[in-house]
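Letters A, B, ... are given to chains in the order of the sequence lines, protein chains preceding strands, and every chain is numbered from 1.
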There are 2 protein chains.
Amino acid sequence: MGRPPTNTKLRLLETAHELIWRNSYGAVSVDGICEKANVKKGSFYHYFPSKADLAIASIDWWMTNTIPFLDDIFSPSRHPIDRFTLLIDFIYEKQEDMRIEFGQVCGCPFITLGSELAAQDEVIGAKISAITQQKMSYYENALRDMIAMGLIDKNADVKLKAEEIYAFITGNMMLARIKNDLKFMKTSLKPSLMNLIGVQLTTEDLKKLTI
Amino acid sequence: MGRPPTNTKLRLLETAHELIWRNSYGAVSVDGICEKANVKKGSFYHYFPSKADLAIASIDWWMTNTIPFLDDIFSPSRHPIDRFTLLIDFIYEKQEDMRIEFGQVCGCPFITLGSELAAQDEVIGAKISAITQQKMSYYENALRDMIAMGLIDKNADVKLKAEEIYAFITGNMMLARIKNDLKFMKTSLKPSLMNLIGVQLTTEDLKKLTI
DNA sequence: TCTTTATTTGACTGATTAGTCAAATACGCA
DNA sequence: TGCGTATTTGACTAATCAGTCAAATAAAGA
């Protein structure tokens, strides 16, 4: 009974995510999102109580979409070093796709939005912090496997190292966005990350790490 | 002859810098800056052709203010390891001051603004990229001294390592802003940075590195 | 005191902003 | 066919936005 659901809400989530990622929260208007999503403003406010709510919902939606990829990349069946190299591949490819399509390296949508809004809205700060924690738990898991395999120092502080890795990758994505340049990410991020993690690689191994 | 200059322009630069750093470019209005700086709007546009021009001028002004501190911290007369530990102290203290005064960890003003506006305005992207380069040159200089002193691998790629350091510190500041939390910066940033640089420290040395 | 020049003022515009709402509409179901 | 419900529409605020401008003012030098 009643009129069935449509994909309007999804279109709003997708459009908002893309526009905010490419530009910024402040530079994107509700009118702009509606126009691009081909949705009238009344419909927008039928689905979301405010612009801020849409932004939060869109990052939730994006994280939900991302988890299956992370589960694949960080599958316990993979060699833990491969998990990290695959992660960098995954990040790089998405960034390069967007650079080609939009002419702009877009960086991490969570961090960019979080950095912009953390001081204005503590809900978004908490949300992004939780996502950060969630991503680091993948890293911790892999690091523990690396310890078990004798690949890194068995006394390494796994939580600390995961935080270092996250900060390092995040910092690189941010700089890539600002410089609109993926050179470092393409040629140096993998070996630098391996060095940070503390894995000893042969020169031959190192050569393979450029994307 | 004629009416002498006043400090109005400086007040606008200071106020804009503080408000944008604490919040974001998009969340701060020209009216807001004028009110806080106690300047009428007409005066604003007497000194700056647009809001974007003020933002750019304010980061130039801030960088100019910062250089003497960096020159001191990275003075060739200091031990190169001290230069990096002093840098972290300098960053931490400023962040902690702002957290106490405004209730908010504010992160790096250049990176926060650059990340927000890089996609909208390529002038700002280029500006922040130049600042990034300038900061990394301090790191390169210190790293070369470290090689000369036998503190790190003499075959280390200095430019690459400087970029890693910059990305790492930057990533940490960003996360501190989002989480509104300086714990990691206080307790772990120094030893993590030393590890990234590749300095071998005794356990006793390590203990000294918490701020 | 008068001229010169930089600075300041405040009222103004026109566009854009987020958000509201009552009415219209589409569709599954009985 | 008609009922019930979710969705869609478009016109509507009221506030805020960046930016304009002619006139007023303040001060230093002649």
Send over the distance from B/Y47 OH to D/dG19 P, rounded to a whole Å. 18 Å
B/F69, CZ: over 12 other non-hydrogen atoms inside 6.0 angstrom: no
Could you check how far CG of B/N7 sits from P of C/dA6, rounded to whole Å? 18 Å
Given D/dA18, is OP1 or OP2 found less than 4.0 Å from the side-chain N or O atoms of B/S50? no
So does A/E163 pair up with A/K159, basic N to acidic O under 4.0 Å? no
When rounded to whole Å, the NZ to C1' distance for the pair B/K40 and D/dT20 reads 17 Å
Between A/S50 and A/D53, is there a side-chain donor-acceptor contact under 3.5 Å, judged purely by atom types and distance? yes
Between B/E96 and B/R99, does any NZ, NE, NH1 or NH2 come within less than 4.0 Å of an OD or OE carboxylate oxygen? yes
Between B/T6 and C/dA6, does any side-chain N or O lie under 4.0 Å from OP1 or OP2? no
I'd like to know if A/E18 and A/K36 make a salt bridge, using a cut-off of under 4.0 Å between side-chain N and carboxylate O. yes
What is the distance, to the nearest angstrom, from the CG atom on B/L12 to the P atom on C/dT9? 11 Å
Extract from the structure each pairing of a protein N or O with an N or O of nucleotides 21-23 of chain C at less than 3.5 Å, listing the distance.
none

Lys/Arg cation over aromatic B/F184: B/K179, 6.0 Å, 45° cone: no
Distance only, no hydrogens: is a donor on one side chain within 3.5 Å (strictly under) of an acceptor on the other, for B/E116 and A/S24? no
To the nearest angstrom, the CZ-C1' distance between B/R11 and C/dT7 comes to 11 Å
For side chain to side chain contact (heavy atoms under 4.5 Å, CB included), just list the numbers for B/I169 and B/Y139, CA-CA rounded to whole Å, side-chain angles, deciding distance to a tenth of an Å, and then say yes or no. CA-CA 12 Å; B/I169 295 175; B/Y139 305 169; 4.1 Å; yes
Establish, with yes or no, whether the OP1 or OP2 oxygen of D/dT7 is under 4.0 angstrom from a side-chain nitrogen or oxygen of A/H46. yes
Check for a donor-acceptor pair, side chain of B/T170 on one end and backbone N or O of B/Y166 on the other, with a separation under 3.5 Å. yes
Please work out which residues in residues 14-36 of chain B have a non-hydrogen atom less than 4.0 Å from an atom of DNA chain C and list them by number. none
